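Computed from a predicted structure; not experimentally measured.
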Amino acid sequence: YRVRARNGAGRSEPSNVVGPVTVKMDTLVDELVDFSRVNSRSGNWKIASDDCRATKEDAFRADGVAGSTLVYQLPTGVAGFRVFAFFPKAESGLKFSVSADGEKYHAVVAQKESYFHGAGDYGYWMPVEYHAENLHGGSFLKIELTGETQISRIEIIHPAPSP
């Protein structure tokens, strides 16, 4: 590709040709408008679109209870993830695991960042981000709830498939 600048003085000469660009990593992003990106799920899940004020105007979330799971399958191995969740009551936490075959999973330790600054006038729920990097072990990621939770967004990083 080539780039040209344009402003009030006119248009520049084209830049040198650059490329091709090699994409090394890809990200699956699920905004949880529905369950179409989920490979499988178990438990009592529904898509929530109420209580948007309490979830800081997040219009769609996966609402589940303890023991409910979501499983994602990627075309290549899971390298990392970020999961954004809201807890309407007390933070109960999430469990993460990866698998090469979708049968045998091993636990992954995720870091967490809480962004709760109080319920305020709107009764905000507790927002927490979970993240992990440098993962190995398979192309399946399982997310398990340990209590009442609404998951807002999931980002799963994986090596880009070969062209």
Side-chain angles (χ1 to χ4, degrees), residues 19-117 123-163:
V21 175
T22 303
V23 176
K24 294 181 181 177
M25 300 302 277
D26 198 356
T27 303
L28 178 146
V29 177
D30 192 352
E31 293 279 358
L32 295 154
V33 173
D34 56 29
F35 292 111
S36 63
R37 295 185 174 268
V38 175
N39 183 61
S40 66
R41 67 182 191 265
S42 68
N44 187 18
W45 287 102
K46 68 178 181 177
I47 296 297
S49 58
D50 56 350
D51 292 321
C52 291
R53 180 56 51 102
T55 58
K56 301 194 177 196
E57 308 306 333
D58 192 332
F60 299 100
R61 299 157 321 273
D63 183 357
V65 296
S68 298
T69 64
L70 296 175
V71 176
Y72 289 85
Q73 182 179 11
L74 289 299
T76 57
V78 175
F81 61 81
R82 292 179 359 145
V83 175
F84 300 87
F86 286 98
F87 297 94
K89 297 178 180 126
E91 180 187 345
S92 55
L94 302 176
K95 294 180 183 178
F96 302 94
S97 54
V98 294
S99 171
D101 60 8
E103 301 284 328
K104 294 170 52 179
Y105 284 84
H106 66 275
V108 170
V109 176
Q111 305 297 316
K112 73 175 186 173
E113 305 289 332
S114 177
Y115 297 100
F116 191 59
H117 301 290
Y124 292 132
W125 295 352
M126 181 181 298
V128 178
E129 174 194 342
Y130 295 86
H131 55 93
E133 298 176 351
N134 302 315
L135 301 180
H136 306 282
S139 58
F140 291 87
L141 174 67
K142 182 192 289 186
I143 303 166
E144 181 179 349
L145 305 184
T146 63
E148 184 181 358
T149 308
Q150 290 192 5
I151 298 177
S152 168
R153 178 181 169 100
I154 297 171
E155 301 172 1
I156 307 171
I157 300 114
H158 59 96
S162 300

For [X] against [Y], the heavy-atom pair lying closest together:
| X | Y | value |
| --- | --- | --- |
| V98 | L141 | CG1-CD1, 4.1 Å |
| M25 | P159 | SD-CA, 3.7 Å |
| A62 | I47 | CA-CD1, 4.4 Å |
| P75 | P161 | CG-CG, 4.1 Å |
| G43 | S68 | CA-OG, 3.7 Å |
| S42 | G67 | OG-O, 4.4 Å |

Min side-chain heavy-atom separation [X]-[Y] under 4.5 Å:
| X | Y | value |
| --- | --- | --- |
| L32 | I154 | yes |
| Q111 | E133 | no |
| Y72 | D30 | yes |
| S99 | K142 | no |
| V71 | E144 | no |
| E91 | F116 | no |
| W45 | I151 | yes |

Around atom [atom1] of [X], are there more than 12 heavy atoms of other residues, nucleotides or ligands at under 6.0 Å?
| X | atom1 | value |
| --- | --- | --- |
| K46 | NZ | no |
| N44 | CG | no |
| H136 | NE2 | no |

Sequence-distant partners of [X], ring pair (Phe, Tyr, Trp, His ring centres under 6.0 Å), two or more places apart:
| X | result |
| --- | --- |
| F96 | F81, Y130 |
| F86 | none |
| Y124 | Y122 |

Given the rule in the side-chain contact (heavy atoms from CB on, under 4.5 Å) test, do H106 and S97 qualify, once you have shown the distances and angles that lead to the verdict? CA-CA 5 Å; H106 66 275; S97 54; 6.0 Å; no
Can you run down the side chain to side chain donor-acceptor pair (under 3.5 Å) pairs that involve residues 76-88, sequence neighbours left out, and say none if there aren't any?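 For residues 76-88: T76-H158, R82-E155.
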Roughly how far, to the nearest 0.5 Å, is the [atom2] atom of [Y] from the [atom1] atom of [X]?
| X | Y | atom1 | atom2 | value |
| --- | --- | --- | --- | --- |
| T27 | I156 | OG1 | CD1 | 9.5 Å |
| N134 | I157 | CG | CD1 | 10.0 Å |
| H131 | F84 | NE2 | CZ | 9.0 Å |

Keeping the roles fixed (side chain from T146, backbone from G93), state whether a donor-acceptor pair exists under 3.5 Å.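 A pair under 3.5 Å: yes.
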Given 3.5 Å as the limit, does a donor-acceptor pair link the side chain of S152 with the main chain of R61, or not?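 Absent.
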Apply side-chain contact (heavy atoms from CB on, under 4.5 Å) to the pair T149 and F87, showing each step before the final yes or no. CA-CA 5 Å; T149 308; F87 297 94; 3.3 Å; yes
For E129, give me all partners under side chain to side chain donor-acceptor pair (under 3.5 Å), at least two apart in sequence or on another chain.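 Partners of E129 under the side chain to side chain donor-acceptor pair (under 3.5 Å) test: Y115.
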Going by the rule side chain to side chain donor-acceptor pair (under 3.5 Å), which residues pair with S49 if we only count those two or more places apart in sequence or in a different chain?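 In terms of side chain to side chain donor-acceptor pair (under 3.5 Å), with neighbours along the sequence ignored, S49 is linked to no residue.
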